[in-house]
Amino acid sequence: MKQKIEELILQAVETLKAEGFPGLEIIPHITIERTREAQHGDFASNLALMLAKPAKVNPRQLAEKIIAALPRHEAVMKVEMAGPGFINFFINPNSQYQVIKKIHDEGREFGLSTIGAGKKVQVEFVSANPTGPLHVGHGRGAAYGSVVADLLQAVGFDVHREYYVNDAGRQMDILAASIWLRYLEECGEVVHFPSNGYRGDYVREIAWDIHKSVGNEYRRPIALVLEDIPADEPQGGDKEAHIDALIDRTKTLLGPPLYRDFFQIGLDNILEDIKADLREFGVDYQQWFSERQLMDDGSVEKALERLRAGGYLYEQDGATWFASSRIGDEKDRVVVRENSQYTYFASDIAYHMNKLDRGFDRIIDIWGADHHGYVPRVRAAIEALGADKSKLTVLLVQFAALYRGEEKVQMSTRSGEFVTLRQLRNEVGKDAARFFYVMRRSEQHMDFDLKLATSKSNENPVFYVQYAYARICSVLRQLDEKGWERNLLLGMENLSQLTEEHEIALLGTLARYPEVLERAALQYEPHQLIHYLRDLAHEFHTYYNAHQFLVEDAGIRNARLNLVCAVKQVLANGLGLLNINSPEAM
RNA sequence: GCGCCCGUAGCUCAGCUGGAUAGAGCGCAGCCCUCCGGAGGCUGAGGUCAGAGGUUCGAAUCCUCUCGGGCGCGCCA
């Protein structure tokens, strides 16, 4: 419809141009908007306002001219000039009814489109370090990322969802050492647990499992473990030096193969937990990409070689630097440390090279907002690798501050004091959790009130939308109980009897759905879909209160049922995209 | 200090990329089933869109400055 109007306007402008009307050489992008108020019709164009200046005419006069030049179209009932020079289009209701047939015919496909044209898009999200279970902070990225991916798929992109597993590096070493120390405790050693170790209960559980299967085989006297280890912070030392020394000691005392086992058991354990957690949260991946693999198969070295060939690497202070400040970063970055270890950034460069080599048209990284300082250097890396840096989109998700009522919940992964995503799901359920996370614009700081989300009452917005769906199902059950059958054809023949204000409004909202999907997908803004669904549910509830559907007149009854079933279908489609259930009864 | 995000109703937030009288939910006041599910609907009160300049037919939206909040600024990941 929007497109048709656009074409009509374009034709009108061409006509005026042919008549020698001045100032129409440059036609701005024609924007057709849905109006906010019914008295302004269904669609509006501000073209006359935009053109008034170059054409040096009064915008109201220009609008009149354009309207006069508009070709006739059966779907357009009336065109009006209004306000400072808006052109308002009133759509013929008969053409509005078509949407009900369309929704019925297309069913679950209604709203999907092909504007993505099968372009390959990779979406990487969550990618939390596998050093512990996911917490509620990761939940937002998980919900947001999965919905963005699903939306892109819905509008025709070929979407590849990926989780980057940081299974190399110091954090993992700290985890391995933490597990071993807890294991020693199981063996009966008295351990002063390092302040910088992972203190969560899950570490004890892993240690407990190991002890159960191998007994005291890996036990070493604690005195030997602590020999010459610099003091921890509470004892007046440096916690980083303390933990690093403990990691080295763990490696020496266990020996490489055994150390590897502890490391691997911890990794496998936690990664399995994360995978299961996300699956239960309705988040699926095509690929779990290992950082360690990049290290092992020489990809990092290859990536650095490519940078070196481009003249972007140099040596200084014993380290190797990437001259990222030459291409947008605020300073240069180390890629190989003085101790000849790669930095995390080095493997990330390799990872992005790998993404580029796999031929994605678009690469989307979804990160926590605290990583924003990292964006320019990754962009620089892509440019230095010789790729088009516009291929990369980084979406930053702001933190969700957690509250229990008024009280803010403090969180720290190391100390183990945090609410896990699993706990949240158990408390509020998958549907409410997903809905809440995605309800707000991603760049918006969000307060997640556990108390509110836990309350299974009317305060909880997800129920409002689900209730609309359940209500429609209930109406259909009532139909059956009253001994009536739905007559689809009769309903379609009587659509023109849907003349109530609420019915016309619903038609417009239903017709909007494909546009909402498209916008939400292309702008990576799932919250637009949520708001739409709330609008739709609200209009349905209003309609429900104002009019009886199951009336004696079979024509009107079936027409209304067709409308209501169209609402049901769109609610199900929208909720489905959000991976939220559409319950037939609540 | 520099950079990124943000500031809209008592609270939590939308606001369709510059449009018409700034909108929802919760909370508050009042009302609506002999009727398809009251987890609903309707009405009302509540706003200097943080503040000040600027751009123009038109600004919550764009630019500059100020104030306030969050987050970054490692040879950590």
Side-chain angles (χ1 to χ4, degrees), chain A residues 31 33-37 39-40 44 46 49-50 52-53 58-60 82-86 88 128-129 131 166 168-172 174 240 291 316-321 330-331 333-345 347-348 368-376 396 398-399 401 439-449 452 456-461 463-464 466-468 470-479 481-482 512 515-516 519-520 523 525 527-528 530-532 534-535 537-538 540-551 557 560-561 564 585-586:
Chain A
T31 55
E33 294 186 316
R34 283 187 182 273
T35 55
R36 222 173 288 170
E37 309 227 4
Q39 56 166 330
H40 296 141
N46 62 355
L49 291 163
M50 308 277 288
K53 195 158 197 190
N58 182 317
R60 289 175 62 93
F86 289 104
N88 291 338
N129 285 344
T131 53
N166 299 129
R170 183 163 170 264
Q171 300 305 321
M172 290 305 297
I174 294 176
E240 304 292 349
E291 178 189 7
Q316 189 181 308
D317 303 330
T320 306
W321 296 70
E330 55 184 48
K331 55 178 164 180
R333 310 290 173 178
V334 171
V335 286
V336 187
R337 288 194 278 262
E338 205 175 351
N339 64 8
S340 76
Q341 296 267 336
Y342 294 125
T343 60
Y344 171 81
F345 181 43
S347 51
D348 218 11
D370 54 334
H371 286 71
H372 69 253
Y374 201 75
V375 178
L396 299 172
Q398 290 288 345
F399 282 137
M439 189 164 56
R440 306 300 181 209
R441 235 169 69 236
S442 59
E443 315 92 80
Q444 184 73 250
H445 293 268
M446 183 179 115
D447 290 340
F448 198 127
D449 187 347
L452 183 78
K456 296 218 164 140
S457 73
N458 41 358
E459 292 171 342
N460 212 327
F463 290 124
Y464 184 79
Q466 289 183 322
Y467 180 48
R471 230 177 186 181
I472 295 170
C473 295
S474 174
V475 168
L476 295 174
R477 285 191 295 269
Q478 280 295 318
L479 178 78
E481 280 172 32
K482 292 193 179 195
R512 230 174 73 209
E515 295 161 29
V516 171
R519 278 183 58 88
Q523 301 184 1
E525 291 188 347
H527 74 273
Q528 292 192 25
I530 296 255
H531 283 276
Y532 170 82
R534 285 182 61 138
D535 283 351
H538 176 248
F540 168 74
H541 286 308
T542 303
Y543 179 39
Y544 178 94
N545 272 273
H547 299 284
Q548 185 91 13
F549 308 151
L550 302 181
V551 293
R557 183 173 72 233
R560 287 186 173 168
L561 283 172
V564 159
M586 303 174 66

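Please read all numbers here as calculations on a predicted model, not as lab measurements.
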Glycosidic conformation of B:U55, taking syn as within 90° of 0 and anti otherwise: anti
Any side-chain heavy-atom pair of A:Tyr344 and A:Arg170 under 4.5 Å: no
Under 4.0 Å protein heavy-atom contact, by nucleotide of nucleotides 6-15 of chain B - B base, S sugar-phosphate only: S-----BSSS
A:Phe86 aromatic ring stacked with six-membered ring of B:G19, 5.5 Å and 30°: no
Distance below 4.0 Å between A:Thr542 side-chain N/O and B:G40 OP1 or OP2: no
Sugar-phosphate, base or nothing in reach of A:Ser474, heavy atoms under 4.0 Å: base
A:Val551 vs A:Gln523, nearer the 5' end of RNA chain B by closest nucleotide: A:Gln523
Nearest-angstrom distance from the residue atom CZ of A:Arg34 to P of B:U17: 13 Å
Could you list the protein-to-nucleotides 74-77 of chain B atom pairs, N/O on both sides, closer than 3.5 Å?
from  : atom 1 : to       : atom 2 : distance (Å)
B:G74 : O5'    : A:Lys331 : NZ     : 3.4
B:C75 : O2     : A:Glu338 : N      : 2.8
B:C75 : N4     : A:Asp317 : O      : 2.9
B:C76 : OP2    : A:Arg337 : NE     : 3.4
B:C76 : OP2    : A:Arg337 : NH1    : 2.9
B:A77 : OP1    : A:Arg337 : NH1    : 3.2
B:A77 : OP1    : A:Arg337 : NH2    : 3.2
B:A77 : OP2    : A:Arg337 : NH1    : 3.4
B:A77 : OP2    : A:Tyr344 : N      : 3.2
B:A77 : O2'    : A:Asn129 : OD1    : 3.1
B:A77 : O2'    : A:Asn129 : ND2    : 2.8

Residue-phosphate contact under 4.0 Å: A:Tyr464 side-chain N/O, B:G41 OP1/OP2: yes
Distance, rounded to the nearest Å, where A:Arg534 contributes CZ and B:C16 contributes P: 18 Å
Interatomic distance, A:Asn545 CG vs B:A39 C1' [rounded to whole Å]: 13 Å
Length of the CE-C1' vector between A:Met50 and B:G18, whole Å: 8 Å
N or O in side chain of A:Arg477 less than 4.0 angstrom from B:G37 OP1/OP2: no
